[in-house]
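Single-structure report; data block below.
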Amino acid sequence: MLERKVIITGANSGIGKSAAIKFAKEGYMVIMACRNIEISRTAQKEIIEATKNNNVHLMKVDMSSFNSIRTFCSEYKNRFDKVDILIHNAAYINHGEKYQLSPDHIELTFATNVFGPFLMTNLLLDHLKNSDDPRILHAGSNIIKHFFDLKAKISFDNLQGEFKDRRSHSVYKMYCQSKMALLMLTFKMAEEYQNEGIKVNALQINGAKMAKRTINKVKPWWRPIAWVQNLFFPPTSYMANNYFEICTSDLFQNTTGKLINDKLEIMQVTSSEYPGFFKQLKIVLGSRFYPTYAHNDHIMKQLWDLCTKLAVSSPT
Ligand SMILES: NC(=O)c1ccc[n+]([C@@H]2O[C@H](COP(=O)([O-])OP(=O)(O)OC[C@H]3O[C@@H](n4cnc5c(N)ncnc54)[C@H](OP(=O)(O)O)[C@@H]3O)[C@@H](O)[C@H]2O)c1
């Protein structure tokens, strides 16, 4: 096999680290794209020792900062000839924090989970095109189920601090909206890059055991909930295997623009008609359907235009 290269953002802990182990075990060149080099260096060593694959590289990137992403991409392009697989795994998930702005003056959750991945993909497009089977995967979340409530929407009017001190803020809601936005980008990117042969999909993650460090990052009142959830969540290696399957297997070679559940089934959008209480309950509790909001063309265009304006056209 010619050496295949995979970039995994946030590969120093949780699912990202397990994915780095899986890809390294299978002989891939792994680029761990992480913001905290000191902590990530330890993870890198562990991964190399566990897999006996020395081709595990660590590169610094803060996904909430356009400058940092630009630096990462230019260094990557100087060092490596192509990207075969790009996994946008990193996410800002600190429940309970106040409204925070990124270095580019963008709400931190959206900066990290939406605009950052958009910019990185954009800057790596030429390198993705150099691969004979380029695949991008977005780490989604079942939190988007909140959009089965037809009143739910992405608050575009408060992404640059407009109502920072005047509106109540919930990082949980922002996280939910950011994951819906990332899903919408999945569909739009798949369309945009189809002619280039770049496949773009999202995995809906229902839960995976959270690292102690991750739980300690959230506010104290969330921690007991997180610990209880952890009792029922599968190990991170389960989701990492799903990353691997979607990004490498023949089964998904021609799949693009899809949301895939943790049983590796392609999910379907719900019908816009109300199916009745019991069917609706089954839809909300199951993982075969996602909300119609994800295909709202007007919102999709608004999101795409905003990503282009804020991330790609941002001054360097
Ligand atoms: N675990 C679950 O139950 C669950 C459920 C649904 C969806 N997901 C999704 O699955 C993915 C992985 O989650 P996880 O549970 O494995 O979480 P995790 O262990 O907390 O990993 C998140 C990773 O993202 C990195 N990160 C955060 N902000 C960053 C930034 N600005 N720049 C670069 N890296 C950054 C973190 O780095 P630091 O170590 O430096 O903070 C960490 O490596 C996320 O996209 C999450 O939304 C997880």
Side-chain angles (χ1 to χ4, degrees), residues 7-22 31-44 47 58-69 71-72 87-95 97 100-104 106-117 119-120 137-146 171-172 174-183 185-186 202-218 222-223 225-240 242-243 259-262 287:
I7 300 177
I8 307 171
T9 64
N12 64 306
S13 84
I15 305 170
K17 182 177 171 188
S18 290
I21 293 172
K22 174 71 182 168
I31 292 90
M32 301 169 64
C34 303
R35 64 174 162 184
N36 186 328
I37 290 296
E38 214 175 297
I39 291 175
S40 307
R41 187 80 66 207
T42 313
Q44 181 196 20
I47 295 166
L58 175 60
M59 290 180 64
K60 186 176 168 69
V61 69
D62 176 351
M63 289 302 292
S64 72
S65 155
F66 295 151
N67 253 341
S68 173
I69 293 169
T71 307
F72 169 89
I87 304 182
H88 287 298
N89 165 78
Y92 178 71
I93 29 185
N94 285 13
H95 301 316
E97 285 293 344
Q100 289 187 69
L101 289 167
S102 73
D104 305 285
I106 295 169
E107 192 283 322
L108 193 55
T109 327
F110 262 74
T112 313
N113 303 0
V114 182
F115 297 114
L119 178 62
M120 183 181 271
L137 182 66
H138 291 154
S141 168
N142 64 348
I143 200 168
I144 60 157
K145 286 182 178 191
H146 285 285
V171 176
Y172 180 82
M174 240 23 198
Y175 174 68
C176 169
Q177 292 179 25
S178 74
K179 288 294 182 183
M180 173 50 83
L182 188 64
L183 177 60
L185 288 184
T186 309
L203 171 67
Q204 177 159 301
I205 299 170
N206 290 335
K209 281 202 193 311
M210 284 171 277
K212 194 173 166 194
R213 225 183 102 245
T214 303
I215 295 181
N216 284 340
K217 274 190 246 168
V218 304
W222 273 100
R223 286 179 204 157
I225 300 172
W227 284 118
V228 173
Q229 280 182 330
N230 251 7
L231 295 175
F232 302 97
F233 282 165
T236 51
S237 56
Y238 176 76
M239 225 45 82
N242 283 343
Y243 281 12
L259 176 61
I260 298 162
N261 69 20
D262 64 356
S287 56

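Each ligand, and each atom within it, is numbered from 1 in the order the structure gives.
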Between OG1 on residue Thr186 and NE2 on residue His88, distance to nearest 0.5 Å: 9.5 Å
Sub-3.5 Å N/O-N/O distance, Ala11 and ligand 1: no
Which residues share a ring pair (Phe, Tyr, Trp, His ring centres under 6.0 Å) with Tyr238, sequence neighbours left out: none
Close approach of Ala208 to ligand 1, heavy atoms, under 4.0 angstrom: yes
Atoms in ligand 1 with a heavy atom of Ser141 nearer than 4.0 Å: 6 (C), 7 (C)
Nearest-contact summary for atom 16 (O) of ligand 1 - protein heavy atom, Å: Ile15 N, 2.8 Å
Test item, Ala211 contacting ligand 1 (heavy atom, 4.0 angstrom): no
Ligand-residue contact atoms, ligand 1 with Gly14, heavy atoms, under 4.0 Å: 16 (O), 19 (O)
Value rounded to 0.5 Å, distance of OG in Ser18 from CD1 in Ile8: 10.0 Å
Check: Asn230 side chain, Met210 main-chain N or O, donor-acceptor pair, under 3.5 Å: yes
Min heavy-atom dist Lys17 to ligand 1 below 4.0 Å: no
Distance-only polar pair, side chains of Ser64 and Asp62, donor-acceptor under 3.5 Å: yes
Arg35-ligand 1 polar pair, N/O distance under 3.5 Å: yes
Pair His146 + Tyr172: ring centers closer than 6.0 Å: yes
Val61 neighbourhood, listing ligand 1 atoms whose heavy-atom distance to it stays under 4.0 Å: 32 (N), 33 (C)
Met210 neighbourhood, listing ligand 1 atoms whose heavy-atom distance to it stays under 4.0 Å: 1 (N)
Ligand 1 versus Arg213: contacting region, heavy-atom distance under 4.0 Å: side chain
Contact partition for Thr112 relative to ligand 1, non-hydrogen atoms under 4.0 Å: side chain
Closest to atom 30 (C) of ligand 1 (judged by heavy-atom distance), picking from Met63, Lys179, Lys217: Met63
Nitrogen or oxygen of Ser13 less than 3.5 angstrom from that of ligand 1: yes
His88 near ligand 1 by a heavy-atom separation under 4.0 Å: no
Protein contact of atom 34 (N) of ligand 1 - nearest heavy atom, named by residue and atom, plus distance: Ala90 CB, 3.7 Å
Test of proximity, Ala33 against ligand 1: N or O pairs below 3.5 Å: no
Min heavy-atom dist Asn12 to ligand 1 below 4.0 Å: yes
For Asn89, atoms of ligand 1 separated by under 4.0 Å from a heavy atom: 11 (C), 12 (C), 44 (C), 45 (O)
Ligand-side contact atoms (ligand 1) for residue partner Gly10, heavy atom cut-off under 4.0 Å: 23 (C), 24 (O), 25 (C), 43 (O)
Subset of ligand 1 atoms that lie under 4.0 Å from at least one heavy atom of Thr214: 18 (P), 19 (O), 20 (O)
Protein residue, atom and distance nearest to atom 5 (C) of ligand 1, heavy-atom basis: Ile205 CG2, 3.6 Å
Heavy-atom check, side chain of Ile87 versus side chain of Thr9, under 4.5 Å: no
Contacting atoms of ligand 1, where contact means under 4.0 angstrom from a heavy atom of Gly140: 7 (C)
